[in-house]
Amino acid sequence: MAEELVRIELDYTYAYDQFTVFFYGNQVFIGKKDYPIGQCCVDVMNLDESILDEIDRRVRLFIPAARKLPAEKTDSAAALAQERLNAVWELIFALPVYRDLKMDEACCFHTFQRLMANKEKWAQVQDPASEGYGIYQGMISSLDCFVDGLRKLRKQISVMTEKYFEPLERRNSGAYAEAYARFYSDMLHLDAWVWNEEFEQSFPMEVNFVPMLHQTEEGKIFLAEKSTFNSLADFLRTEFYRGLALGNAPRQCHNCGRYFLLTAGYNTCYCNNVAPGETMRTCRKVGAHRKEARGKQNRTPARKEYDRTYNRLKVRKQRGSADEWNAAVAKAQELLERSERGELTDEELRRRFEEF
């Protein structure tokens, strides 16, 4: 049984518009690797926009060549279309998720040569009334929308994490559900303005439940959910919401700005990657200190006066009583708040602080 599962796993190949992953517990299995649910979304959120720009540019070059091929019907036209399609595959197959799957490269990198060699399929591509024509045009349209789909999803996740998740005091599935309910309600009213289309969260996928051999625990077999998707964006959307249900969510590091996966019950605003300008220390180790330092650099004149007064009071604390110290600090804080509300000028605040 175990040997058969391993053999099936290794022999299967996938296409970019039809691939399978396995969900089990808090993990998603992709090819021979497994990740915490939500990690693939994080990896896509961290993609440089220039990568998507380049994929889009290459797709824009491919589409005219693919559309001309049925009319030109020459080997040179097929070679040009294939060359441009291969340039697209080189980038897409290096993206998160695809890079862990065993892609059907023999088919993908020889699509048009094989198509023209099959007389029946080639004839269908040229017949607008045939199923083959619809498949051919659908392939072109799917690539045309590929980058746009990823960009829309990245925008949704960015808005959700920044505007709805960042203010959360608790980080668990219940808190995310409440935040998502607010996001969902807002998007239903703003969809036409924000997304230029109806805000839709449904899409087709195929689900089966299968026994699977554990990758790291020898001899262990478990029941996994085998899910087949027709697009990378659909998988990422599924993984993202599954993660929220488990209490996992992407969060943008307050130090380096990159996304990281915040897992259930854990609340930190810094990632565990090496911090910018450091060789070993992580954002988690240096982020809080740097944030405090930046805050001091950006202090207002009123805040600087308060800090000086506080430090003077702190020195005198050893000579007086705790009650006197607490009363003086409370009075200083009250004056600072009045200044920040515009009730005292900086000069008036300075004079009042000198009285302490």
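For the 3.5 Å distance criterion, the side chains of Tyr35 and Asp43 fail to qualify, holding no donor opposite an acceptor. A donor and an acceptor atom, one from each side chain of Gln82 and Asn86, are located under 3.5 Å apart.
Contact check for Thr20 versus Lys226: side-chain heavy atoms found under the 4.5 Å cut-off. Taking 4.5 Å as the limit, some side-chain heavy atom of Glu178 sits within range of a side-chain heavy atom of Arg170. The side-chain heavy atoms of Ile30 and Cys40, taken from C-beta on, include a pair separated by under 4.5 Å. With contacts defined as side-chain heavy-atom distances shorter than 4.5 Å, the pair Phe240/Leu153 does not qualify. Looking only at side-chain heavy atoms (C-beta outward), Arg58 and Glu90 come within less than 4.5 Å of each other.
Looking at residues two or more places apart in sequence or on another chain, you find a side-chain contact (heavy atoms from CB on, under 4.5 Å) between Arg351 and Glu347, Glu348. The salt bridge (Lys or Arg N to Asp or Glu O under 4.0 Å) search around Asp148 returns Lys152, not counting sequence neighbours. For Asn272, the side-chain contact (heavy atoms from CB on, under 4.5 Å) criterion is met by Thr282, Arg284, not counting sequence neighbours. Evaluation of the ring pair (Phe, Tyr, Trp, His ring centres under 6.0 Å) rule for Tyr24 yields Phe222 as partners, not counting sequence neighbours. Arg151 pairs by the side-chain contact (heavy atoms from CB on, under 4.5 Å) definition with Glu49, Leu52, Asp53, Asp56, Val147, not counting sequence neighbours. With sequence neighbours left out, the salt bridge (Lys or Arg N to Asp or Glu O under 4.0 Å) criterion links Arg251 to Glu166. Phe260 pairs by the ring pair (Phe, Tyr, Trp, His ring centres under 6.0 Å) definition with nothing, not counting sequence neighbours. For Ser141, the side chain to side chain donor-acceptor pair (under 3.5 Å) criterion is met by no residue, not counting sequence neighbours. By the ring pair (Phe, Tyr, Trp, His ring centres under 6.0 Å) test, Phe165 pairs with Tyr176, sequence neighbours left out. When the salt bridge (Lys or Arg N to Asp or Glu O under 4.0 Å) test is applied to Glu239, no partner is found at least two apart in sequence or on another chain.
Here Asp17 contributes atom CG and Leu232 contributes atom CG; the two are 11.5 Å apart, rounded to the nearest 0.5 Å. Note that the CZ atom of Phe22 and the OG1 atom of Thr228 stand 8.0 Å from one another [nearest 0.5 Å]. Separation of atoms CG (Asn26) and CD (Gln39) is listed at 11.0 Å; rounding is to 0.5 Å. To the nearest 0.5 angstrom, Leu349 atom CG is 6.5 Å from Glu305 atom CD. Remark: Met116 CE to Asp75 CG distance equals 5.5 Å, nearest 0.5 Å. We find the CG-CZ distance between Asp234 and Phe19 to be 8.0 Å, quoted to the nearest 0.5 Å.
Taking each heavy atom of Gly31 and Leu101 in turn, the nearest pair found is N-CD2, 3.9 Å. The nearest pair of heavy atoms linking Asn255 to Cys283 is ND2-SG, 3.3 Å. What you find for Cys253 and Cys271 is that their closest heavy atoms are SG-N, 3.4 Å. Residues Leu236 and Val44 share a closest heavy-atom pair of CD1-CG2, 3.7 Å. Nearest heavy atom pair, residue Ala249 against residue Leu244, reads CB-CD2, 3.7 Å. Listed here is the closest heavy atom pair of Leu213 and Ile221: CD1-CG1, 4.1 Å.
Sorted by first and then second residue, the side chain to side chain donor-acceptor pair (under 3.5 Å) pairs involving residues 106-131 (not counting sequence neighbours) are Lys73-Gln126. Counting only residues at least two apart or in different chains, salt bridge (charged side-chain N to carboxylate O under 4.0 Å, His left out) contacts with residues 103-113 are absent.
The hydrophobic cluster containing Phe146 does not contain Leu61, counting ILVMFWY residues as joined when their side-chain heavy atoms lie under 4.5 angstrom apart, directly or transitively. Grouping the Ile, Leu, Val, Met, Phe, Trp and Tyr side chains by contacts below 4.5 angstrom, directly or via other members, places Ile140 with Val125. Leu115 and Leu80 fall into different hydrophobic clusters, where Ile, Leu, Val, Met, Phe, Trp and Tyr side chains are chained together by heavy-atom contacts under 4.5 Å. Follow the hydrophobic side-chain contacts under 4.5 Å out from Tyr133 and you never reach Ile135; the two are in separate clusters. Grouping the Ile, Leu, Val, Met, Phe, Trp and Tyr side chains by contacts below 4.5 angstrom, directly or via other members, places Phe112 with Ile63.
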*In sequence, state the C-alpha distance, the side-chain angles, and the governing distance for Cys41 and Ile157, and then conclude on side-chain contact (heavy atoms from CB on, under 4.5 Å).*
CA-CA 9 Å; Cys41 274; Ile157 293 176; 4.2 Å; yes
_Worked check of side-chain contact (heavy atoms from CB on, under 4.5 Å) between Leu95 and Leu47_ = CA-CA 9 Å; Leu95 292 176; Leu47 284 176; 3.8 Å; yes
*Step by step, work out the side-chain contact (heavy atoms from CB on, under 4.5 Å) result for Arg182 and Lys163.*
CA-CA 10 Å; Arg182 293 190 292 273; Lys163 303 298 183 182; over 6 Å; no
_Assess the residue pair Leu150 and Ile55 against the criterion (side-chain contact (heavy atoms from CB on, under 4.5 Å)); give the C-alpha distance rounded to whole Å, side-chain angles, the decisive distance to 0.1 Å, and a yes or no._
CA-CA 11 Å; Leu150 289 182; Ile55 293 175; over 6 Å; no
_Set out, in order, the CA-CA distance, both residues' side-chain angles and the distance that settles side chain to side chain donor-acceptor pair (under 3.5 Å) for Asp186 and Tyr164, then state yes or no._
CA-CA 11 Å; Asp186 290 345; Tyr164 294 82; 2.5 Å; yes
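Note: Phe93 and Trp89 have parallel aromatic rings, judged against thresholds of 30 and 60 degrees for the angle between ring planes. Ring planes of Tyr16 and Tyr98: tilted class, angle from 30 to 60°. Using the six-membered ring where Trp is involved, Tyr270 and His254 have ring planes that are perpendicular, over 60° apart on the 30 and 60° scheme.
Using a distance-only test at 3.5 Å, with no hydrogens or angles considered, no donor-acceptor pair links the side chain of Glu225 to the main chain of Phe23. For Ser158 (side chain) and Arg154 (main-chain N/O), no donor-acceptor pair under 3.5 Å exists by modelled atom type. Side chain of Ser142 to backbone of Gly138: no donor-acceptor contact under 3.5 angstrom is found. The main-chain N or O of Asn267 is never found under 3.5 Å from a side-chain atom of Arg171 such that the two would form a donor-acceptor pair.
Both the sub-6.0 Å distance and the 45° axial angle are not jointly satisfied by Arg308 relative to the ring of Phe353.
In Asn208, the CG atom is crowded: over 12 heavy atoms of neighbouring residues, nucleotides or ligands sit closer than 6.0 Å.
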